[in-house]
Amino acid sequence: MKWIWALTAAIVIGALGGCDSQQSAPPDGPTDISADSGKPADLTILSGSENKPLEPIIQRYAHDHNLTVRMDYAGSVDIMQQLENNTVADNAVWPANSLWNTLGDTHKLVKHSESIMRTPVVFGVKKSVAAKLGWIGKPVTVEQILQAAESGRLRYMMTSATQSNSGASAYIGYLYAFSHNPEVLTMEQLQKPELQAKIKRILGTVNRSAGSSGWLKDLFLSKYDSYDGMVNYESVIIDADKELVAAGKEPLYVIYPVDGLAIADSPLGYVDKGDAAKEKQFLDLQQYLLSQPVQQQLLAQGRRVGLVGMSLTNADKTVFNPDWGIDPKRVLSPIRFPSADVLRAALNLYQSALRKPSVTVYCLDFSGSMQGKGEEQVKSAMRLLLDQQQAKQQLLQASPQDKTTVIAFSDHILGEWSAVGNDPAALSALDAKVNALNADGGTDIYHPAMRAFDIIKQQPNLEQSFPAVILMTDGQSNQNLFTDFTQHVDPMGLKADVPVFAILFGDADKSQLQQLTDHTSGKIFDGSQNLVGAFREVKGYN
């Protein structure tokens, strides 16, 4: 009964387990939850953004106990790195999965870790598509998913394995499936060429990526007619199905890969700094979240609770809906996550060799308003991506197939340079070009964006990569040339699959950037507080 052993390890030991989806969600900034918002927080929690829907529950507890509780949202990789660097300023950590504590808590900072809830990482596929594939009510393997996607019968989305917990969960599940489901994945198995070839094939079938499971869900709903499904948490698929049904659309049918299923175990742990009073406040809150009434509320929100396997005997069938493929009595068999060194090696292998390659055009604002701090921040952020030693520390290193272009602009294009692959010398040369620039002149964000689409349009076999335009600006474009942009880009037929991701800070005109990102299914990232962090975050989306 391997699944029982694995589940017990994940829940009780809290060291190994599945992964989250809304993980690498962008840091959304702190949220104060308190009876008196004027007081400093009594407890602060560094949390994955997937826990946002639980804020009302915590708010009620804080109010009843005259406490202040603040949630500081961060991606799983950020939580891992803060643990690893011993820089966690919060009193507790609450990542989507024990995986990130396992990788990051090398200083043994976390204690009293308990799983608050769980949710499997699944395939949500339009029911009509699942029916055509013969998957309704049948066990489905990862190999069948690969074959369906490679044959063109399944177009789907999935988050980045190195920036999102749900993506990491699915990826590790693939590794187990294509290794013939070992008890524990080993370093030797990970290095097998035949395994890597299979993984590369299935990752190559992902049609759209993202750094956040929540954003992936929203993107899927907005592009419903262009995709057949998505890899995400069961709880997120439930949320998506509620919205689809309300909109009169066909819901997604949940597929649990029988040979590669991972489960996010949502561990809430205390970061010990020798404050006994703070520790008691934490334990009281944790006990409240684990109490029967709160666990029932979580169950009502589509989160799995309890310690008896993954069978849900009291689940509400309007939430855990069998018509959506969710059988509450189904006994799930999750994988057991490997050791920390194998996990880290697997994630590095994903980023550097196995993932679908990126075609990225960076449009960098070097107008006069960038002089000083802005110019320094842009150069520092680009160095993070182009210096492969720095990039590796953030799991952002380039792969041999990646294509990188930089367009520097003010009120005209200042220069354009490209590098192919992950050769450190070539990428350093690109960094040197950026570093030699000096900010001056006015601002035009539209012509560099149009030029970026020209470059991407010229790429052969574009469907075999994740293309994106990353536009960074701190100012308002002197002219609004959005119509020129649409007239230039729309005939290319690329706007549905080539997102513009905009990073703004300073006095940037959000309305101008919002037009560009909305038109291309992109997203705006706020770099006003941490431009380097925003650059790192946006890379999770391609």
Side-chain angles (χ1 to χ4, degrees), residues 7-8 10-14 17-18 20-23 31-36 41-73 79 90-98 101 110-120 165 214 233-239 242 263-271 278-321 326 328 332:
L7 186 59
T8 302
I11 295 172
V12 178
I13 299 175
D20 111 74
S21 90
Q22 281 134 309
Q23 162 272 319
T31 298
D32 289 304
I33 301 173
S34 63
D36 178 1
D42 295 300
L43 276 176
T44 62
I45 302 172
L46 182 62
S47 171
S49 64
E50 71 282 350
N51 293 323
K52 266 192 171 182
L54 309 186
E55 283 191 6
I57 295 174
I58 298 175
Q59 184 177 25
R60 185 161 54 249
Y61 175 86
H63 180 273
D64 291 347
H65 293 78
N66 195 29
L67 290 175
T68 57
V69 180
R70 192 182 75 221
M71 303 282 276
D72 293 330
Y73 292 104
I79 295 174
D90 297 84
N91 307 120
V93 291
W94 198 0
N97 199 284
S98 297
N101 288 348
V110 180
K111 59 191 292 191
H112 306 311
S113 181
E114 294 281 355
S115 174
I116 302 300
M117 58 199 172
R118 287 168 297 285
T119 186
N165 184 58
Y233 297 111
E234 177 190 69
S235 58
V236 176
I237 300 295
I238 289 172
D239 292 342
K242 290 178 181 175
I263 294 181
D265 62 340
S266 188
L268 175 61
Y270 179 68
V271 179
K278 195 78 70 181
E279 184 173 355
K280 183 179 185 309
Q281 287 176 333
F282 167 83
L283 289 172
D284 288 346
L285 172 61
Q286 186 185 62
Q287 185 177 20
Y288 164 77
L289 292 172
L290 290 170
S291 67
Q292 185 62 23
V294 174
Q295 292 281 291
Q296 283 300 121
Q297 292 177 48
L298 297 178
L299 188 63
Q301 291 187 21
R303 274 74 176 169
R304 294 182 179 242
V305 297
L307 296 174
V308 186
M310 299 302 293
S311 176
L312 302 176
T313 54
N314 299 317
D316 181 348
K317 290 188 177 180
T318 64
V319 177
F320 294 89
N321 191 333
I326 305 172
L332 303 179

Quiz item: What are the two closest non-hydrogen atoms of T68 and D42, and how far apart are they?
Solution: OG1-N, 2.5 Å
Quiz item: Above 12 or not: heavy atoms from other molecules or residues under 6.0 Å from CD of Q287?
Solution: no
Exercise. Mark yes when over 12 heavy atoms from residues, nucleotides or ligands other than K317 sit less than 6.0 Å from its NZ; otherwise mark no.
Key: no
Practice problem: For side-chain contact (heavy atoms from CB on, under 4.5 Å), just list the numbers for Q301 and I238, CA-CA rounded to whole Å, side-chain angles, deciding distance to a tenth of an Å, and then say yes or no. | Solution: CA-CA 9 Å; Q301 291 187 21; I238 289 172; over 6 Å; no
Practice problem: Take D265 and M117, measure what side-chain contact (heavy atoms from CB on, under 4.5 Å) needs, and give me the verdict at the end. | Solution: CA-CA 6 Å; D265 62 340; M117 58 199 172; over 6 Å; no
To the nearest 0.5 Å, tell me how far [X] [atom1] sits from [Y] [atom2].
X	Y	atom1	atom2	result
E114	S98	CD	OG	10.0 Å
I263	L332	CD1	CG	5.5 Å
N51	I58	CG	CD1	7.0 Å

Quiz prompt | Partner set under ring pair (Phe, Tyr, Trp, His ring centres under 6.0 Å) for H65, not counting sequence neighbours | solution = Y61
Quiz item: After noting the C-alpha distance and the side-chain angles of Y270 and V93, does the key distance pass the side-chain contact (heavy atoms from CB on, under 4.5 Å) rule?
Solution: CA-CA 7 Å; Y270 179 68; V93 291; over 6 Å; no
Self-check item: Set of residues satisfying side-chain hydrogen bond (donor to acceptor under 3.5 Å, both in side chains) with respect to Q297, sequence neighbours excluded
Solution: R60
Please check: side-chain N/O of [X] versus main-chain N/O of [Y], any donor-acceptor pairing under 3.5 Å?
X	Y	value
D316	T318	yes
Q295	L289	yes
S235	T119	no
D72	I45	no
Q286	H112	yes

Quiz item: Taking NZ, NE, NH1 and NH2 as the nitrogens, is one of them in E234 or R303 under 4.0 Å from a carboxylate oxygen of the other?
Solution: no
